[in-house]
Amino acid sequence: MTSGASDTDGAARIVRDVVCGFCGLGCDDLEVAVTGRAIAPRRACPEAARLLARTDAPPPSARIAGTPASLEDAAAAAARHLAASRSAVFSGLGADLEGLRRLYDIAMVAGASLDHAASAGLFANLERLARRGWIAATLAEVRNRCDVLVVLGADPASAFAHFFERAMPSAPVPADADAAPLFVPHAGGRSVVIVGGPLSDTSRAQLTRHDVVEITVPEDRIATAAAALSAALAGRATEALAGLPLGVAEALALLAGRLKAARYGVLTWNAATLPPEDAAAVAGAAAEAVDILNVTTRAAVFPLGGRDNVTGAHQLALWRFGYPLRTVVGAGTARHVPDLYATATALADADLLLHASAFRPDPPPGFDRGPVIALAHPGTAFAREPEVFIPVGTPGVDHAGHVFRMDSVICLPLQGLRPAELPSVAAAARAILAALGRAA
Amino acid sequence: MRTRITGGRVFDPANAIIDQVRDILIEDGRIIADAPPAPGEDVIDATGAIVLAGGIDLHSHIAGGKVNLGRLLMNEDRLLHPEPFGDFCGCGGGRAAPTTHATGCRYSQMGYTAVFEPAVVGANARHAHLEMADIPNIDTGGFLVLGNDDFLLRLIAQGEGQQAVNDYVAWMLRATQCCAIKIVNPGGINAFKFNGRALDLDETGPFYGLTPRRILNTLQRAVSELGVPHPIHLHGCNLGVPGNVKTTLATIGASEGFPLHLTHIQFHSYGTEGDRHFSSGSAEIAEAVNANPHISVDVGQIMFGQTVTASADLMSQYRNHKIADPKKWIGMDIEMDAACGVVPFNYRDTSFVNALQWAIGLELFLLIEDPWRVYLTTDHPNGGPFTSYPHLIRLLMDKPFRDDHLGRIHKAARAHTRLAEISREYTLEEIAVVTRAAPARTLGLRDRGHLGPGARGDVVLYEEQPDREAMFAAPRLVLKDGKVVVVNGEVVELVDGRTYAVHPPYDPLMDKRLERWFDEAVGLKANHYRIADGEIRNGQGPEIVELNP
């Protein structure tokens with residue numbers, strides 16, 4: 001697959017250019033020191049460092065109702081529960097594409113609804129994307145082309161620590177013909193406007209060479225401000241402005257003018273951190289603004305999101321079943337009813353929960369209507385012991401795998417960093433499929 | 001393990017075998033020279049059947065990001081067309097943008113055994129390959145989209161010379177594991193990122209100051225010098241624009257003697273005559289193709305009904321997005337490589353423009369004389385879903401059937417087409433050429449598209465019947481690598497396909513240059529962009545197509 005350059009530093013092996021699959025931004029320049037099975041991050045954002053750090057401790061074994069068991073026995077127990085189930089829910093889906101493919105195979109055999117733990121933001125965006133569409137850009141386009149970046153909502157760096165560094169680097173001094181941004185006319189040409197905020201001190205420091213404007217808007221007024229911005233761009237009267245803090249309407253009108261004068265404006269938001277009732281409206285207003293701008297100049301949306309390969313789970317569901325997540329599959333059919341098959345709703349009628357979370361030790365959602373099968377991070381602390389627990393390795397730590405970046409175009413190869421002692425989600429799922437009498 | 005197919009009428013134009021009753025022998029997945037019957041061999045009675053090599057579609061959008069966006073927009077279509085129940089159901093479906101499993105099964109059911117995705121954007125290549133690995137029963141390959149990528153345009157603009165371009169093209173082909181180069185609207189997709197709204201063949205594009213002609217010629221030379229078998233696969237300038245026949249003729253003239261493939265030429269054959277300023281340019285295009293033996297085309301026939309158009313040509317798709325039906329569409333600028341635009345369309349025989357497009361496509365099929373330079377496509381799903389091929393074959397083979405359909409289209413469109421005057425009917429031999437022998441030859445696939453010794457054991461038995469649509473919709477038998485996968489139009493077995501790639505050599509200095517470019521400009525390591533052999537088809541690796549000497 002891919003190999004980060006590695007050398008040794010004392011007893012430790014240093015691995016460079018590590019690809020990160022956690023937040024969805026897809027940084028691929030991390031560095032770790034590996035000693036035996038212990039991993040010490042050397043270059044990583046705090047979130048990645050926390051999730052990459054591993055000790056040399058031996059991993060736990062699989063368990064059936066709390067009793068240690070072999071993988072084969074645990075898989076057989078999982079298969080028995082699945083075969084007896086009439087209404088299974090697969091949640092979490094925090095896995096690489098190889099793992100997801102096998103989990104979807106199990107769902108096709110046993111029948112189950114599918115949803116990812118981080119899909120709420122995705123579905124808010126799909127309200128606009130699937131129903132009306134939008135014009136989007138990928139990371140390298142933003143990085144090289146965007147002269148006015150508008151952030152709607154909180155500081156992106158709170159969830160995506162290196163967002164500004166990767167999306168909005170400033171022109172290097174001295175000039176370098178290969179270095180981004182290639183198409184922004186002059187070094188001081190980039191503007192970053194945050195509608196919401198505030199920016200963290202770190203982000204401000206990161207953006208010192210750009211022209212930064214902070215339009216402070218409380219969280220519950222961001223949808224209104226976004227609507228006001230697209231109204232201002234359309235030249236519409238803006239009753240929508242009601243309820244915005246003093247001065248914000250004027251600032252948004254100025255911003256509209258700045259976007260119209262921009263060569264390539266980009267609007268970004270993180271639907272997962274906006275108030276759930278407003279997230280779809282923000283996505284809609286941003287897409288609307290971009291539609292208006294593209295009549296005379298160029299602009300695009302860049303939606304933030306993509307934790308734990310939710311983008312990959314969505315893409316795979318589309319190419320396998322023709323529908324996004326929140327779809328029930330099995331018995332030769334697939335039915336997509338997002339309201340019904342969102343994990344929380346689906347669990348109300350379920351008789352089994354299979355939870356997969358390989359990237360982080362997130363426990364399964366609360367469920368007491370039937371057995372719980374957990375293909376989970378070895379560090380998971382369960383509120384109640386699952387009927388079947390198969391600890392799994394982490395893609396990009398214990399084994400190789402593929403994950404999608406948030407812009408849904410780039411699919412990244414993760415590599416194993418240490419000797420794997422745990423099965424991957426794919427291997428665990430294959431064992432369950434075998435126990436169900438199906439070859440993967 | 002030997003299989004004998006006996007008693008069928010064999011059409012194998014690549015080996016000059018036309019309508020001869022003879023045996024085909026398959027051993028270990030490949031066709032072998034005829035030999036006396038041996039004990040233990042399987043015998044398939046092909047009496048009453050036409051025997052052809054497996055079908056090859058060299059231009060069908062079946063995998064990758066834009067297809068997935070099409071699926072996202074076409075949930076209604078998906079709901080209306082679920083996969084049939086049974087052992088070979090993949091819980092998928094869809095007609096305009098079918099799921100991967102449905103794609104493999106539906107193609108296989110029509111007797112196709114290889115299909116090529118003609119627009120792989122480098123940045124999205126890994127995704128496209130992951131989808132291809134999930135398509136059963138057919139072999140696949142991707143054409144890499146170049147000609148709007150900033151690295152290339154900069155190389156040309158800076159006058160770095162052909163060798164540097166060749167090294168870059170070779171590097172990209174290996175990195176993306178593709179088997180040919182496609183150019184989509186040369187320079188135009190890039191121009192749209194700089195707010196350019198149109199770019200004609202000799203117009204200078206923004207920023208780099210390059211004309212589409214220069215980009216085209218540079219890449220034609222590159223694939224020729226690298227020995228890539230398939231010539232440049234060109235989606236030209238001004239797709240869909242009335243009057244683009246001039247651009248297309250100029251493009252044929254611009255090819256400087258290098259072979260050139262013009263794809264979905266139907267969309268590039270429009271004049272501006274008549275009250276509605278939209279007319280057929282097929283006669284002029286056909287004449288130019290007939291006169292230029294280095295030009296090949298696929299038609300991109302439109303078929304009436306609901307579909308979705310998916311293209312890397314965001315400049316053109318932006319121009320068309322207002323006629324989206326249903327009213328939704330998605331555009332995307334992609335990673336310094338290209339772009340995409342996905343726009344649902346409903347082609348109606350009651351629409352003047354759509355009806356004339358339909359007629360123009362058929363005129364091209366019928367006026368271009370040499371079937372070895374025309375490949376049967378609908379540019380799936382852009383002109384219509386690939387499942388309409390049997391209907392299209394009947395339109396080509398059956399003049400009364402064609403006239404009957406012509407009688408039903410928009411009246412004014414009927415008055416603007418010469419279709420009624422054209423008496424040509426495709427023969428079975430010609431169908432074997434345009435769906436098998438010719439695409440294999442242009443792609444450099446020496447063991448495909450024919451039934452001679454050494455060929456893949458991809459063999460199809462079609463029941464001879466007067467209704468050619470029924471005949472080509474449900475073959476009696478389809479063998480993939482010697483294994484029966486379809487019986488009487490039903491899938492009976494799923495097998496893994498393979499993926500074709502070309503691996504031309506390049507100067508290792510290009511590694512260093514691109515490492516720097518990816519690091520600094522793109523913001524992704526070149527090593528992570530590059531797709532390893534082991535990532536293809538679940539570890540199987542690519543099937544390497546030999547380069548021309």
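Note that the coordinates shown come from a computational prediction; the quantities given were computed from them, not determined experimentally. Because only heavy atoms are used, hydrogens play no part in the values below, and waters and symmetry mates are left out as well, while side chains stay in. Residue numbers begin at 1 in each chain, while the letters A, B, ... track the order of the sequences.
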* Structure fact -> Whatever's closer than 4.5 Å to a heavy atom in chain B on A:Ala331 counts as backbone
* Asked: Can you name the closest pair of heavy atoms from A:Arg298 and B:Asp333 and give their distance?
  -> NH2-OD2, 2.9 Å
* Closest heavy-atom pair and its distance - A:Ala180, B:Ala521 -> CB-O, 3.7 Å
* Partner of A:Trp319 by side chain to side chain contact (heavy atoms under 4.5 Å, CB included), out of B:Thr99, B:Val67, B:Leu130 -> B:Leu130
* Structure fact -> Nearest heavy-atom contact between B:Lys525 and A:Asp17 is CE-OD1, 3.3 Å
* Is any side-chain heavy atom of A:Thr333 closer than 4.5 Å to a side-chain heavy atom of B:Phe85? -> yes
* Structure fact -> Scored by heavy-atom pairs under 4.5 Å with chain B, the best of A:Asp28, A:Val409, A:Leu182 is A:Asp28
* Structure fact -> If one checks every heavy atom of B:Asp77 against chain A at 4.5 Å, the contacting part turns out to be neither
* Region of B:Tyr529 in contact with chain A, defined by heavy-atom distances below 4.5 Å -> neither
* Would you mind telling me which of A:Thr327, A:Leu129, A:Asp407, A:Leu126 has the largest number of heavy-atom pairs within less than 4.5 Å of chain B? => A:Leu129
* Asked: Of the non-hydrogen atoms in B:Cys91 and A:Gly330, which two are nearest, and what is the gap between them?
  -> SG-N, 3.9 Å
* With sequence neighbours left out, what residues match A:Glu98 under side-chain hydrogen bond (donor to acceptor under 3.5 Å, both in side chains)? -> A:His402
* **Test applied, side chain to side chain contact (heavy atoms under 4.5 Å, CB included); reference residue, A:Gln315; option that passes from B:Arg71, B:Glu131, B:His127** => B:His127
* Asked: Would a distance-only check, ignoring hydrogens and angles, find a side-chain to backbone donor-acceptor pair under 3.5 Å from A:Arg132 to B:Ile330?
  -> no
* Asked: Got more than 12 heavy atoms from elsewhere within 6.0 Å of CD, B:Glu76?
  -> no
* **Separation of A:Phe183 CZ from B:Met336 CE (nearest 0.5 Å)** => 4.5 Å
* Asked: Counting heavy-atom pairs under 4.5 Å to chain B, which of A:Pro169, A:Ala334, A:Gly322, A:Ala300 comes out on top?
  -> A:Gly322
* **Polar side chain donor-acceptor pair, A:Arg131 to B:Asn75, under 3.5 angstrom** => no
* Asked: With respect to chain A, which residue among B:Gly90, B:Gly94, B:Ala125 yields the maximal number of heavy-atom pairs within a distance under 4.5 Å?
  -> B:Gly90
* Does a sphere of radius 6.0 Å around NZ in B:Lys512 hold more than 12 heavy atoms from other residues, nucleotides or ligands, not counting ones at 6.0 Å or beyond? -> no
* Pairs involving residues 310-326 of chain A, ordered by first then second residue, that meet salt bridge (charged side-chain N to carboxylate O under 4.0 Å, His left out) (sequence neighbours left out) -> A:Asp105-A:Arg320, A:Asp115-A:Arg326, A:Arg320-B:Asp134
* Could you walk me through whether A:Arg405 and B:Glu335 pass the salt bridge (Lys or Arg N to Asp or Glu O under 4.0 Å) check? -> CA-CA 12 Å; A:Arg405 202 168 76 180; B:Glu335 208 68 1; 2.9 Å; yes
* Asked: So which of A:Val301, A:Asp176, A:Leu97 has the biggest tally of heavy-atom pairs under 4.5 Å with chain B?
  -> A:Asp176
* So which heavy atom on B:Arg197 is nearest to which on A:Thr297, and how close? -> NH2-O, 3.2 Å
* To do: Identify whether NZ of Lys or CZ of Arg in A:Arg145 sits under 6.0 Å from the centre of the six-membered ring of B:Phe194 and within 45° of that ring's axis.
  => yes
* Asked: Does one side chain, of B:Asn195 or A:Tyr264, offer a donor that lies under 3.5 Å from an acceptor on the other?
  -> no
* **Max heavy-atom pair count under 4.5 Å with chain B, selected residue of A:Ile135, A:Val142, A:Leu316, A:Asp178** => A:Asp178
* Interchain contact, A:Tyr104 with chain B, by part (heavy-atom threshold 4.5 Å) -> neither
* B:Leu524 vs A:Leu412, side chain to side chain contact (heavy atoms under 4.5 Å, CB included): CA-CA, chis, key distance, verdict -> CA-CA 10 Å; B:Leu524 174 78; A:Leu412 288 163; 3.5 Å; yes
* Which atoms of B:Leu79 approach chain A - backbone, side chain, both or neither, heavy atom under 4.5 Å -> both
* Under 6.0 Å from the CZ atom of A:Arg263, do we count more than 12 heavy atoms belonging to anything else shown? -> no
* Could you state the interatomic distance from CZ (A:Arg101) to CG (B:Asn538), rounded to the nearest 0.5 Å? -> 4.5 Å
* Asked: If every non-hydrogen atom of A:Pro413 is compared with every non-hydrogen atom of B:His528, which pair is closest and at what distance?
  -> CD-O, 3.5 Å
* Asked: Within a radius of less than 6.0 Å around CZ of A:Arg335, do more than 12 heavy atoms belonging to other residues, nucleotides or ligands occur?
  -> no
* **chain A contacts, top residue of B:Met332, B:His101, B:His321, B:Lys193 (heavy-atom pairs, under 4.5 Å)** => B:Lys193
* **Structural part of B:Phe151 lying under 4.5 Å from a heavy atom of chain A** => neither
* Structure fact -> Output for pair (B:Asn124 CG, A:Cys411 SG), nearest 0.5 Å, gives 8.5 Å
* Asked: Judged by atom type as modelled, is there a donor-acceptor pair below 3.5 Å linking the side chain of A:Arg166 to the main-chain atoms of B:Gly523?
  -> yes
* Could you look at A:Val290 and say if it's the side chain, the backbone, both or neither that has a heavy atom under 4.5 Å from chain B? => neither
